[in-house]
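Following: one structure in structure tokens, then a few remarks.
Reminder, nothing fancy here: chain letters follow the sequence lines and each chain counts from 1. Every value quoted in this text rests on a predicted model; they were computed, and no experiment measured them.
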2 protein chains.
Amino acid sequence: MLSPVDHREGPDLSRRVSPREAGADDERVTIRDVAARAGVSATTVSRVIKGDYPVAQSTRTRVLRAMRELDYVLNVHARALSGASTKMVAFVLDDVTGPSFAYVAKGVEQQATAEGRLCMVCTTHGDPARELAVVEAMREQRADAVILVGGGSLDDTYRERMSHFAHALDKAGSRLVLCGRPPLGDDVPTTVVEYDNEGGAYAMTSHLLSQGHRRIALVGASTPDDLSTTKLDRVRGFERAHESFGVPYDPDLVIPAYFGRADGYAATRRLIALGAEFTAVFAATDMVAIGVLAALREAGIRVPEDVSLAGYDDIPFAADLTPALTTVHVPTEELGRTAVRLALNREERQHVVLGTHIVVRDSVRPPGRNMVR
Amino acid sequence: MLSPVDHREGPDLSRRVSPREAGADDERVTIRDVAARAGVSATTVSRVIKGDYPVAQSTRTRVLRAMRELDYVLNVHARALSGASTKMVAFVLDDVTGPSFAYVAKGVEQQATAEGRLCMVCTTHGDPARELAVVEAMREQRADAVILVGGGSLDDTYRERMSHFAHALDKAGSRLVLCGRPPLGDDVPTTVVEYDNEGGAYAMTSHLLSQGHRRIALVGASTPDDLSTTKLDRVRGFERAHESFGVPYDPDLVIPAYFGRADGYAATRRLIALGAEFTAVFAATDMVAIGVLAALREAGIRVPEDVSLAGYDDIPFAADLTPALTTVHVPTEELGRTAVRLALNREERQHVVLGTHIVVRDSVRPPGRNMVR
DNA sequence: CATACCGTAGACACCGGTTTCTACACCTGC
DNA sequence: GCAGGTGTAGAAACCGGTGTCTACGGTATG
């Protein structure tokens, strides 16, 4: 409850400009208030806080006591303004409720905390325009790093503007991180943390083929309006595995679909209605797999007795489905941790690809006689 | 690639105080650089940005062009320092990967965006000390609102320090929001958004009782070291329903457990090993229910033929379990949205309780003859 | 013709820490 | 007894916007 303004100075130049006078109790305590109470200068208080300059023990004690008594809280904006890092990383994703995104978020948060950073989260709902706007906002915030998660757009003007941001952030001492999406180009200063999308799809398709499946439906290929790199890579792995096994695949079994539960469900119903022949379904994500499972079950098709089912992502619930879902594990948490670590420790390699591997559970079996249709 | 500094000005008063000279390419563009390029004062540029003061159209155009050419980015810290709101809300939760938390987060993010705010996320991993530290950090950030999600601690010194923060934030024009946890006291300036934990538990227990169940195991009661209010309320609903029905409940069937999948699993195995008699299990959360389900299945007990199972929270996967889980719906997204809305629009009521309701699916049936054991 | 007013724009202090440069007391050494 | 060093502390400029006060050209008014 100390007056925040020192009145020792003569009445001549005082009060003249004091916007403080209005609200009687708007008491924000500044470093100078602490200084006044401790009987030292603001400089000394600052030094006590930072601890990087010798301050006599007795002085330090007085200052600390004054801080406590006044309930002093540092103003990060003032600190940031005078050149210090903001100690903040920004994290941009499609949707917090995406089960894998949440785990990336956890990894980011974990590592950010470990490195003494706070964490901003922004969602884009898959809108590239909003993503660009959000990145711009992060430039205003002077974030230490801006982490973009999830498959990016391949649109040219989008890539160009994103490259611009990468350069701008770089010049400002910050960093653009692409997490789970491919680089923007060799000359663009970014940190890239990918995982082996194609390899996982290749491994899973190989697993299905080696179990004897010859007609595998892939649900979740690219739609004309969504050319996300994640999809492209997963489809490529699917194709490459067929080539390796010398097994041709039926293009009619490669079904474009978004990555939601409802999309898997709808696609499968359509597939069944069309009378397509298949012994296994490879869903491009576990969410899609859940939809596929529901549609199959509804049609009286048993999994895995009649049709095998594989997913992608290894979301936490994959193991709790009935049957437990065979899927591709993606190191989501590690993805987030790595993104932050690399962005803040620039001496490390700035492009890594994390491995994926298949997790065999109960939803895949060799095909029986009773092939669908 | 435009030179960020305008050199037209005479050499008379320039360069005098220019710490910029050192690093050749550390080009941060300020409002004054824009002003120089547009041939106006910094004040005018500021007015063009804010748009709350008349600026001649021709001047505005010149300024906007200069901003574009220099790739000017506003500095939010400078703005925040000179009194403006930070346009940020902070969001503090246990764990981003908790399925219900993610939905609260989504609601918070949604509403924050709608109100032109950015969103900080911090996790505490259930540690009250860390929660206090995080709230302190948010005070430093001058966030417009600090939203605490999830059952809080009942510890006295914790409550006292949290009350202190509430008062401090209030004085600073900010707001502490308790989301899904009870008020700290009448004199503490907080916004409280709860949901009817007890009512949901009451409704679900009533549902089970009305189906004829008389021996219902409650998995997920309070442990001595975790007296979270969420648990307490759910147990109370369970008890109150029994009273209403005039059915005594067996205290041995009220099992303390944490809220994880593994906890439900372990508790159920213990229950079975002990030879407890029950026809239904009410899991205190859906995650617990998943563990319970796994343990029952492992023991050869069918759900719902042999034992009925009910959950709490209505997480997105509840409908995809086999059998689809009967559970209590919690309006998580609305919880998040409401929290932000009330905190930023202070004229509304600052304490609301959202409703919960049961969602009947396939995991509950009237008890058959073959009761366990 | 002088005064008043309107629209527009600049000067300058200020927000709250940080940093550089300077200052002073005290001690050491010759 | 004085030059030089060391430990500690303060004054003032600065970071980059914003608010307030003043100023100036031009038109409307008495």
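Listed by chain and number, the residues in a salt bridge (charged side-chain N to carboxylate O under 4.0 Å, His left out) with A:Arg60 amount to none (sequence neighbours excluded). With sequence neighbours left out, the side chain to side chain donor-acceptor pair (under 3.5 Å) criterion links A:Glu140 to no other residue. For A:Arg159, there are no salt bridge (charged side-chain N to carboxylate O under 4.0 Å, His left out) partners at least two apart in sequence or on another chain. In this structure A:Arg47 satisfies the salt bridge (charged side-chain N to carboxylate O under 4.0 Å, His left out) test with no other residue, sequence neighbours excluded. Take B:Ala78 and apply the side chain to side chain contact (heavy atoms under 4.5 Å, CB included) test, not counting sequence neighbours, and it matches A:Leu81, B:Asn75. Under the rule for a salt bridge (charged side-chain N to carboxylate O under 4.0 Å, His left out), the partners of B:Lys106 that lie at least two apart in sequence or sit in another chain are A:Asp95.
For A:Arg28 against C:dG16, a side-chain-to-base donor-acceptor contact under 3.5 Å is absent.
At the heavy-atom level, A:Val48 lies nowhere under 4.0 Å from the strands shown. Counting any heavy atom pair closer than 4.0 Å across all strands shown, A:Val55 reaches sugar-phosphate atoms only and no base atom. Heavy atoms of B:Val40 sit under 4.0 angstrom from primed sugar atoms or phosphate atoms, though from no base atom.
Within residues 76-84 of chain A, the residues having any heavy atom under 4.0 Å from DNA chain D are, by residue number, A:Leu81, A:Ser82. Listed by residue number, there are no residues of residues 134-142 of chain A with a heavy-atom contact under 4.0 Å to DNA chain C.
Residue B:Ser46 places at least one side-chain N or O closer than 4.0 Å to OP1 or OP2 of D:dT18. Here B:Lys50 does not reach the OP1 or OP2 of D:dG17: none of its side-chain N or O atoms lies under 4.0 Å away.
Of the candidate nucleotides D:dT8, C:dG17, D:dG16, D:dT8 has the atom nearest to the side chain of A:Pro54. Comparing C:dG17, D:dA11, D:dG17 by their nearest atom to the side chain of A:Ser41 picks out D:dA11. Of the candidates C:dG16, D:dT8, D:dG16, C:dG16 carries the atom nearest the A:Asn75 side chain, counting heavy atoms from C-beta on.
Contact record, A:Arg142 with A:Thr86: O-OG1, 2.8 Å, taken as the closest heavy-atom pair.
For B:Arg60 and C:dG7, the CZ to C1' distance is 13 Å, given to the nearest whole Å. Distance B:Lys87 NZ to D:dT18 P: 13 Å, rounded to the nearest Å. In this structure, the CD atom of A:Gln57 is 16 Å from the P atom of D:dG7, given to the nearest Å. The distance from atom CZ of A:Arg32 to atom C1' of D:dG10 is 12 Å, rounded to the nearest whole Å. As a whole-Å value, the separation of B:Arg62 CZ from C:dG10 C1' is 14 Å.
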Any protein N or O atoms within reach of nucleotides 20-27 of chain C? Criterion: under 3.5 Å, listing atom names and distances.
none

Any protein N or O atoms within reach of nucleotides 23-26 of chain D? Criterion: under 3.5 Å, listing atom names and distances.
none

**Message:** side-chain hydrogen bond (donor to acceptor under 3.5 Å, both in side chains) for B:Ser174 and B:Asp144? Distances and angles first, verdict last.
**Reply:** CA-CA 5 Å; B:Ser174 179; B:Asp144 287 347; over 6 Å; no

Can A:Ser41 and A:Thr44 be said to form a side-chain hydrogen bond (donor to acceptor under 3.5 Å, both in side chains), step by step?
CA-CA 5 Å; A:Ser41 72; A:Thr44 302; 3.3 Å; yes

Worksheet entry | Intermediate values then yes/no, side-chain hydrogen bond (donor to acceptor under 3.5 Å, both in side chains), A:Gln110 and A:Arg337 | CA-CA 7 Å; A:Gln110 229 170 51; A:Arg337 278 200 307 270; 3.2 Å; yes

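The residue among A:Tyr72 and B:Ser58 whose nearest nucleotide of DNA chain C lies closer to the 5′ end is B:Ser58. Of the two residues contacting DNA chain C, namely A:Leu74 and B:Thr59, the nearest-nucleotide position lying further toward the 5' end is that of B:Thr59.
Residues B:Thr191 and B:Glu348 form no side-chain contact, since every pair of their non-hydrogen atoms from C-beta on lies 4.5 Å or further apart. Side-chain contact between B:Lys87 and B:Val76 is absent, with no heavy atoms from C-beta onward closer than 4.5 Å. Counting heavy atoms from C-beta outward, A:Val177 and A:Leu342 have side chains that stay 4.5 Å or more apart.
Screening residues 59-83 of chain B for ring-ring contact (aromatic ring centres under 6.0 Å, His included), with sequence neighbours left out, gives A:His77-B:His77.
Computed from C1' positions of five pairs at each end, the angle between the two local axes of the helix from C:dC1-D:dG30 to C:dC30-D:dG1 equals 60°, rounded to 10 degrees.
The environment of B:Arg161 atom CZ is sparse: at most 12 non-hydrogen atoms of other residues, nucleotides or ligands sit within 6.0 angstrom.
Between B:Arg181 and B:Glu131 there is a salt bridge, with a side-chain nitrogen of the basic residue lying less than 4.0 Å from a carboxylate oxygen of the acidic one. The residues B:Asp71 and A:Arg139 are annotated as salt-bridged, a charged nitrogen and a carboxylate oxygen being separated by less than 4.0 angstrom.
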